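Reading through the structure tokens given below for one structure.
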Amino acid sequence: MDDAPVVLAVDGNSLVHRSYHAQAHTGHAAWAVRGLLTQLVAAVDRVRPVAVVVGFDDPDSSRRRERWPSYKANRTEKLDTLVEQLTEAAAALRRLGIAVVVPPALEADDVLASAAAFAPTRNARTVVVTSDRDAFALIDEHTSVLRIINGGVEASPMMTAERLVLLLGVRPEQYRDFAALRGDPSDNLPGVRGIGPRTAARLLAEFGTAAAAFDDLDSVRDRIGAGAAARMAAPGARAAWELNCQVMTMHRDVELDLDLAAGPGVLPLPAAVVAGVFRGHNLTWSVGPAVRVLAEVEPGDLPASEPAEAMAWSPRPARRLPPLPPRRPRIEQLSLFD
């Protein structure tokens, strides 16, 4: 599958949130949108996809919160400036021609999972772009995860099944059990009390699944230790793991309306549109790279007849950049992540 076309599936909420908190300042609320747009260019430049789909959480309803009211109940209301930028981010991407999916009552994670399920049906691969570790559960022979960390896209590791084992000691198909045992305080999902990531990894290495470990606590006592067995036998321990597994399960059937031959999300994008959107968000110094990467057009080759709103800003002659290499993912060096 190394030569297969690649679908880039981007967690819009994750990247907007990350840019918002990294760059927050006063003035017109647009800095997080600019951060998302520049990261999109960097990710496309690194991965060389044939199509891009970006998922956002439904801001108005949540099937998970309706079923499990405690889910994310610890979070405060989003600031108005963040809500405004999440809305504008989706609108800007649509103007670019990117496929944007906001699944009713679901989340960006479900869009990523659906993209990972969709790509192999078109003989394609998926690269998921997110800062959320939950996406590690999607990794397989068709799907890798570009996990965004401090330092941006270029400093971020491309996670594969082998690299996940190296870093966490679990296989992708074990990651949901691993996360459910450990818990996720940011989503108000307590794990099994006293079971941290190291013990969770040992349990999964020994027993394969958390269910097998819960079903054989005598062997847990013998092979892992009496402390771990006692924690797993504690009232509510198994129920906490089971609840977390249910909440963390991603939907893989979200309608993407993605056609890799043509339509929204398929690259290259119209050069004038790319230039207009980036200039419209005061990303004037990024217009050249954005046009080169997203439209596959050298900035100096933009026709003089382009619409005025797309071509109005021209502070210096555009540099002639080298042509793009063929579209295929690069093999990236693994780096540690936070």
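Only a predicted model underlies this, so the values are computations on that prediction, with no experimental measurement involved.
Nearest heavy atoms, Ala92 versus Val33: CB-CG1, 4.3 Å. The minimum heavy-atom distance linking Ala105 with Asp58 is given by the pair N-OD2, 2.7 Å. Closest non-hydrogen pair, Tyr175 versus Asp134, comes out as CE2-CA, 4.0 Å. Ala9 and Thr126 get closest at one heavy-atom pair: CB-CG2, 4.1 Å. Closest approach of Ala135 to Thr130, counting heavy atoms only: CB-CG2, 3.6 Å. Annotation for Ala89 and Phe56: closest pair CB-CZ, 4.1 Å, computed over non-hydrogen atoms.
Between Val277 and Leu93 the shortest side-chain heavy-atom distance does not fall below 4.5 Å. In this structure, Thr199 and Arg231 have side chains that are not in contact, with every pair of non-hydrogen atoms separated by 4.5 Å or more. A heavy-atom distance below 4.5 Å is found between the side chains of Val291 and Val287.
Within 6.0 Å of CD in Glu77 there are 12 or fewer heavy atoms belonging to other residues, nucleotides or ligands.
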Considering only distance and modelled atom types, tabulate donor-acceptor pairs under 3.5 Å from the side chains of residues 203-222, sequence neighbours left out.
| unit_1 | atom_1 | unit_2 | atom_2 | d |
| --- | --- | --- | --- | --- |
| Glu206 | OE1 | Arg223 | NE | 3.2 |
| Glu206 | OE1 | Arg223 | NH2 | 3.0 |
| Thr209 | OG1 | Ala212 | N | 3.1 |
| Asp215 | OD1 | Arg238 | NH1 | 2.8 |
| Asp215 | OD1 | Arg238 | NH2 | 3.3 |
| Asp216 | OD1 | Ser219 | N | 3.3 |
| Asp216 | OD1 | Ser219 | OG | 3.1 |
| Asp216 | OD2 | Ser219 | OG | 2.7 |
| Asp218 | OD1 | Arg221 | NH1 | 2.9 |

Under 3.5 Å, side-chain donor or acceptor atoms of residues 94-103 against the rest of the protein: list the pairs with distances, not counting sequence neighbours.
| unit_1 | atom_1 | unit_2 | atom_2 | d |
| --- | --- | --- | --- | --- |
| Arg95 | NH2 | Glu88 | OE2 | 2.6 |

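Within the model, atoms CG of Leu79 and CD of Gln85 stand 10.5 Å from one another, a figure rounded to the nearest 0.5 Å.
The residues Arg75 and Asp187 are annotated as salt-bridged, a charged nitrogen and a carboxylate oxygen being separated by less than 4.0 angstrom.
For Ser186 and Asp184, the side-chain atoms include at least one donor-acceptor pair closer than 3.5 Å. With hydrogens and angles left out, the side-chain atoms of Arg176 and Thr249 include a donor and acceptor closer than 3.5 Å.
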>> Checking Asp177 against Trp241 for the side-chain contact (heavy atoms from CB on, under 4.5 Å) test, could you report, in this order, the C-alpha distance in whole Å, the side-chain angles of both residues, the deciding distance, and whether it holds?
In response: CA-CA 8 Å; Asp177 269 352; Trp241 161 72; 3.0 Å; yes
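A donor-acceptor pair under 3.5 Å is formed between the side chain of Glu255 and the backbone N or O of Asp257. Checked by atom type and distance alone, the side chain of Ser144 never pairs as donor or acceptor with a backbone atom of Thr160 at under 3.5 Å.
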